[in-house]
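Each remark here refers to the structure printed beneath this line.
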Amino acid sequence: MMKQQLPLNQIGHLIPQKTPFIMVDTLLEFSAENVVSSFLISKDNLFISNSELLEPGLIENMAQSVALHTGYDYFLKGEAAPTGYIGAIKKVEVFGLPKLNDRITTQVKILHEFMGVTMVEVAVFNEENERLAQAEMKTVIATDD
């Protein structure tokens, strides 16, 4: 098993998204039950409007944080990460939008994992540790069929 020092900020190989669609940039914590990522909101972000990251950007950040958990897990096993998809998003609540140059932190708690389907709770926080958004998501790993 490969051992990595966290935080890890070269994570492009751990998620399927590529520039300019990357919405996570640092892996802060990892375990079988959770992952914590962070992301610096920059002016070239696709979801910036009026110097704020819009709701779709927050949701994409949540989904990519889940993908980061899977990607890092497979990386530690020395295996290529499979492609995954969002199966469902529910109970989305947005309490505030991060501003340009803010760093957000996203916490993912794995609720259930069974046969390639993962249920998670996700929450996004600003630098003052104020909750900006939260949701429940179901992700599905693609099969080779």
### Query
In terms of hydrophobic clusters joined by side-chain contacts under 4.5 Å, are V124 and I22 together?
yes

### Message
Can you see whether N9 engages T26 through a side-chain donor-acceptor pair at a distance of less than 3.5 angstrom?
### Response
no

### Task
Considering non-hydrogen atoms only, spot the tightest contact between F21 and Q64 and give its length.
O-NE2, 2.8 Å

### Task
Using the rule that two of Ile, Leu, Val, Met, Phe, Trp, Tyr join whenever any of their side-chain heavy atoms come within less than 4.5 Å, decide whether I59 and V108 are in one cluster.
yes

### Query
Cut-off 3.5 Å, side chains only: do N34 and S31 have a donor facing an acceptor?
yes

### Query
Distance from K91 atom NZ to E121 atom CD, nearest 0.5 Å?
8.0 Å

### Message
Quick one, I141 and T70 - any side-chain contact, counting heavy atoms below 4.5 Å?
### Response
yes

### Task
For residues D73 and F30, determine if any side-chain heavy atom of one lies less than 4.5 Å from a side-chain heavy atom of the other.
yes

### Query
Given L97, which of L53, D102, L132, L58 fulfils the side-chain contact (heavy atoms from CB on, under 4.5 Å) condition?
L58

### Query
With sequence neighbours excluded, what pairs up with K18 under the salt bridge (Lys or Arg N to Asp or Glu O under 4.0 Å) test?
none

### Summary
Of all heavy-atom pairs linking A32 and H69, the shortest is O-NE2, 3.5 Å

### Chi angles and distances behind the salt bridge (Lys or Arg N to Asp or Glu O under 4.0 Å) call for R103, E127
CA-CA 6 Å; R103 178 163 292 279; E127 293 171 281; over 6 Å; no

### Query
Are the side chains of I41 and N101 in touch, meaning some heavy atoms are under 4.5 Å apart?
no

### Query
Is the number of heavy atoms from other residues, nucleotides or ligands under 6.0 Å of K99 NZ greater than 12?
yes

### Message
In the structure I gave you, are the side-chain heavy atoms of K138 and V117 within less than 4.5 Å of one another anywhere?
### Response
yes

### Query
Would one find more than 12 heavy atoms of other residues, nucleotides or ligands at under 6.0 Å from atom CD of E79?
yes

### Query
Can you name the nearest heavy-atom pair linking N45 to F47, along with the distance?
OD1-N, 2.7 Å

### Task
Please name the pair of heavy atoms, one in S37 and one in L68, separated by the smallest distance, quoted to 0.1 Å.
CB-CD2, 3.9 Å

### Sub-4.5 Å side-chain heavy-atom contact between V24 and N61
yes

### Message
With side-chain contact (heavy atoms from CB on, under 4.5 Å) as the criterion, how do H13 and F75 come out once you've worked through the C-alpha distance, each side chain's angles and the decisive distance to 0.1 Å?
### Response
CA-CA 9 Å; H13 63 290; F75 173 77; 3.9 Å; yes

#### Entry: salt bridge (Lys or Arg N to Asp or Glu O under 4.0 Å) partners of R131, counting only residues at least two apart
none

## Note on the structure
Taken to the nearest 0.5 Å, the spacing of E113 CD from M119 CE works out to 12.0 Å

### Query
Linking I/L/V/M/F/W/Y whenever any side-chain heavy atoms sit under 4.5 Å apart, do I86 and V140 land together?
no

#### Entry: 4.5 Å side-chain heavy-atom contact, Q17 and E60
yes

### Side-chain touch E52/L100, heavy atoms, less than 4.5 angstrom
no

### Message
For a quick test of reading the model, state the closest non-hydrogen atom pair linking D25 to L40 and the distance between them.
### Response
OD2-N, 3.1 Å

### Query
Do you reckon I110 sits in the same ILVMFWY cluster as Y72, going by side-chain contacts under 4.5 Å, direct or chained?
yes

### Task
May I have the step-by-step check of side-chain contact (heavy atoms from CB on, under 4.5 Å) for L27 and V35, ending in yes or no?
CA-CA 8 Å; L27 174 61; V35 67; 3.3 Å; yes

#### Entry: Shortest non-hydrogen contact from M62 toward Q134
CE-N, 4.0 Å

### Task
Tell me whether M23 is reachable from L28 by hopping between hydrophobic residues (I, L, V, M, F, W, Y) whose side-chain heavy atoms are closer than 4.5 Å.
no

